[in-house]
Amino acid sequence: MNLDTLLATARAWADADPDPLTAAEVRALVERRHEAELEDRFSSGLEFGTAGLRGVLGGGTNRMNRAVVRRTTAGLARYLKAVVPEVVTRGVVIGRDGRRLSAEFASDAAAVFAAEGIPAWVFAGFAPTPLTAFAVRHLDAAAGVMVTASHNPPEYNGYKVYWGNGAQIVPPHDGGIARAIDAVGPANAVPLLAEAEARSAGLFRDVDAAVTRAYLDAILALRVSRQTAGLEVVYTAMHGVGGALVLQALREAGFVSVAPVAEQQAPDGAFPTVRFPNPEEKGAMDLATALAERRGADLVLANDPDADRLAVMARDGAGRLTMLTGNEVGVLLGHYLLTQRATEKPLVVTTIVSSAQLKAIAEAKGARYAETLTGFKWIANVAIDEAARGVNFVVGYEEALGYSVGPVVRDKDGIGAALVVADMAAWCRQRGVTLFGYLEEVQRAHGLFVAKQFNATLPGATGAATIKAVMEAFRRQPPERLGGVRVAATNDYQAQTRVEGAQRQALTLPRSNVIAWELEGGHRVTLRPSGTEPKLKLYFEWREAVGDGEAMGPARARAMARLEALEADVLTLAAARGLPR
């Protein structure tokens with residue numbers, strides 16, 4: 001847009017904005033004729049997709065604000081009425097985290113649904129993401145909305161949508177909802193029904209405490225060994241909304257020595273002790289680690305702010321507290337649940353960017369295995385489809401610290417996973433090993449896989465253009481060797497093709513902007529833009545042979561050295577294709 005068009009667009013948006021704060025924010029930019037900032041806020045809008053909406057808080061079409069939430073909710077409501085007519089009796093569940101404006105967004109969503117004649121099931125106060133997802137099925141609601149930006153920085157918020165099956169929306173619903181949103185008029189023209197009036201009409205309903213009790217009972221039943229003696233646990237909620245439920249679940253399971261990180265236990269959308277409330281980020285686990293060292297803890301558990309993710313630290317072979325990767329936790333959960341609980345027709349599921357080690361374990365144990373695109377919506381829908389065929393979903397995971405155990409929650413569940421990891425750690429302790437000792441047992445039996453990830457953060461319109469250009473350049477100039485190893489096959493999920501030598505095959509997974517290279521020897525490299533953050537993500541996995549009687553330490557060191565060489569080579573190729581270094 002040229003400046004005159006930008007100014008006119010911004011003025012019109014501010015005039016229709018129901019929030020005087022963001023309207024004033026935009027008018028100030030117009031007054032200053034701040035072209036770059038207006039371009040960023042109005043040259044595009046937040047795209048509604050299978051992850052819903054997520055963005056920086058502020059005024060404008062490309063920001064999260066009350067205008068966007070009201071229009072989004074109106075579009076969602078009208079789509080639901082067209083596709084699921086019984087939504088007017090079943091209603092929609094609304095949960096929220098503790099971020100800035102989450103309460104206002106949830107309130108606005110309830111008022112819009114009520115005005116559309118759709119009952120809103122609303123949690124009193126905070127609700128972790130897994131509890132909201134659970135409530136959709138437990139209440140037989142037609143859909144659910146979770147106001148959260150998960151593990152993003154404090155300036156973000158988001159709007160996640162669940163279908164009536166309890167899983168995040170997938171095509172064609174995402175496209176249908178997006179088109180319905182586009183057809184909604186100005187935000188200040190979206191009808192609202194105040195809470196008092198909605199209550200009297202039966203269109204505002206409180207989610208009863210019995211729903212939380214049912215969720216707790218369901219995740220408590222996921223435990224396998226039910227051994228708790230002697231395990232010393234430290235837990236951090238990362239200023240999020242999962243803390244109370246995690247402590248209650250661990251206490252009811254019999255874990256008597258659980259110490260919360262007091263500074264991070266209460267919900268606080270400012271995240272005062274961490275810049276980036278993601279347990280994977282540098283410094284985020286410092287307070288939990290310090291408390292664990294003071295207490296001599298065996299295990300550290302950490303949720304992200306909406307409690308759908310889980311980070312795990314345990315003692316390594318030298319007694320040091322060390323973070324397990326998402327792949328390692330997922331692999332351990334898979335092995336533990338497949339071997340310690342008898343299940344007919346068991347199924348384990350992971351994603352194309354997660355470790356292939358789970359596949360090796362599943363094959364050895366006679367379990368069914370599936371890979372999906374990145375995103376738990378795909379894992380959940382595979383589990384739903386397979387359940388209809390009599391298959392029993394055991395565990396699903398993605399390497400970004402997301403796990404779901406059993407059929408309780410059809411999304412990532414950092415609370416239920418925390419309970420099962422504690423159960424597994426206590427079982428290990430009774431056997432005289434730590435989680436790292438157990439991991440070595442698994443890798444000796446099923447292969448040594450090591451993995452790492454590189455994220456290039458590229459914000460704004462310029463960053464998006466760079467990410468697109470790098471992906472296109474790799475498609476135009478596909479590598480023949482990576483890290484000195486021949487590329488055996490290339491999977492392009494956007495073109496939905498697999499090229500292996502002279503053979504070209506069609507891929508069956510949905511179309512997605514992902515390129516994955518399979519190397520000789522079982523190594524893998526995957527490249528994709530993030531669906532929720534301004535990042536280009538590169539994933540690397542190396543499979544190393546361990547000699548008979550060889551100590552695992554040297555084998556792991558050798559594997560890591562080769563993995564790092566692979567990463568360095570790929571990043572050099574990426575830089576040549578336009579990725580900033």
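Reckoned from all heavy atoms, side chains included, excluding hydrogens, waters and symmetry mates. Since we're looking at a predicted model, the values are computed, not measured.
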message: Side chains of E541 and S355: any donor to acceptor distance under 3.5 Å?
response: yes
- prompt: Have H173 and Y79 got a donor and an acceptor in their side chains that come within less than 3.5 Å?
  reply: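 A donor-acceptor contact under 3.5 Å links the two side chains.
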- prompt: Applying side chain to side chain donor-acceptor pair (under 3.5 Å), which residue pairs with at least one partner in residues 178-189 are found, sequence neighbours left out?
  reply: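 For residues 178-189: none.
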task: Check the pair V145 / V93 against side chain to side chain contact (heavy atoms under 4.5 Å, CB included), numbers first and verdict last.
output: CA-CA 6 Å; V145 169; V93 173; over 6 Å; no
Search all heavy atoms of [X] against all heavy atoms of [Y] and return the closest pair with its distance.
X    : Y    : answer
F276 : N152 : CE2-CA, 4.2 Å
K535 : E281 : NZ-OE2, 4.2 Å
V88  : P119 : O-CD, 3.3 Å
L401 : P279 : CD1-CB, 4.3 Å
G578 : T466 : O-CG2, 3.7 Å

- request: Would you please name every residue forming a salt bridge (Lys or Arg N to Asp or Glu O under 4.0 Å) with D108, sequence neighbours left out?
  value: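 Here the qualifying residues are R66, R70.
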message: Closer than 4.0 angstrom, basic N to acidic O: yes or no for R524 and E371?
response: yes
- request: Inspect the contact between R511 and D492 and indicate whether a charged nitrogen and a carboxylate oxygen are less than 4.0 angstrom apart.
  value: no
message: Under the criterion ring pair (Phe, Tyr, Trp, His ring centres under 6.0 Å), I'd like the reasoning laid out for F540 against W517: C-alpha separation, chi angles, the key distance, then a yes or no.
response: CA-CA 10 Å; F540 309 92; W517 297 287; 9.4 Å; no
query: Parallel, tilted or perpendicular: which describes the rings of Y397 and Y403, with under 30° parallel and over 60° perpendicular?
result: parallel
- prompt: With a cut-off of 6.0 Å (strictly less than), are more than 12 heavy atoms of other residues, nucleotides or ligands near CD of E472?
  reply: yes
query: Is there a side-chain hydrogen bond (donor to acceptor under 3.5 Å, both in side chains) between D306 and T129 once you walk through the steps?
result: CA-CA 6 Å; D306 68 327; T129 289; 2.6 Å; yes
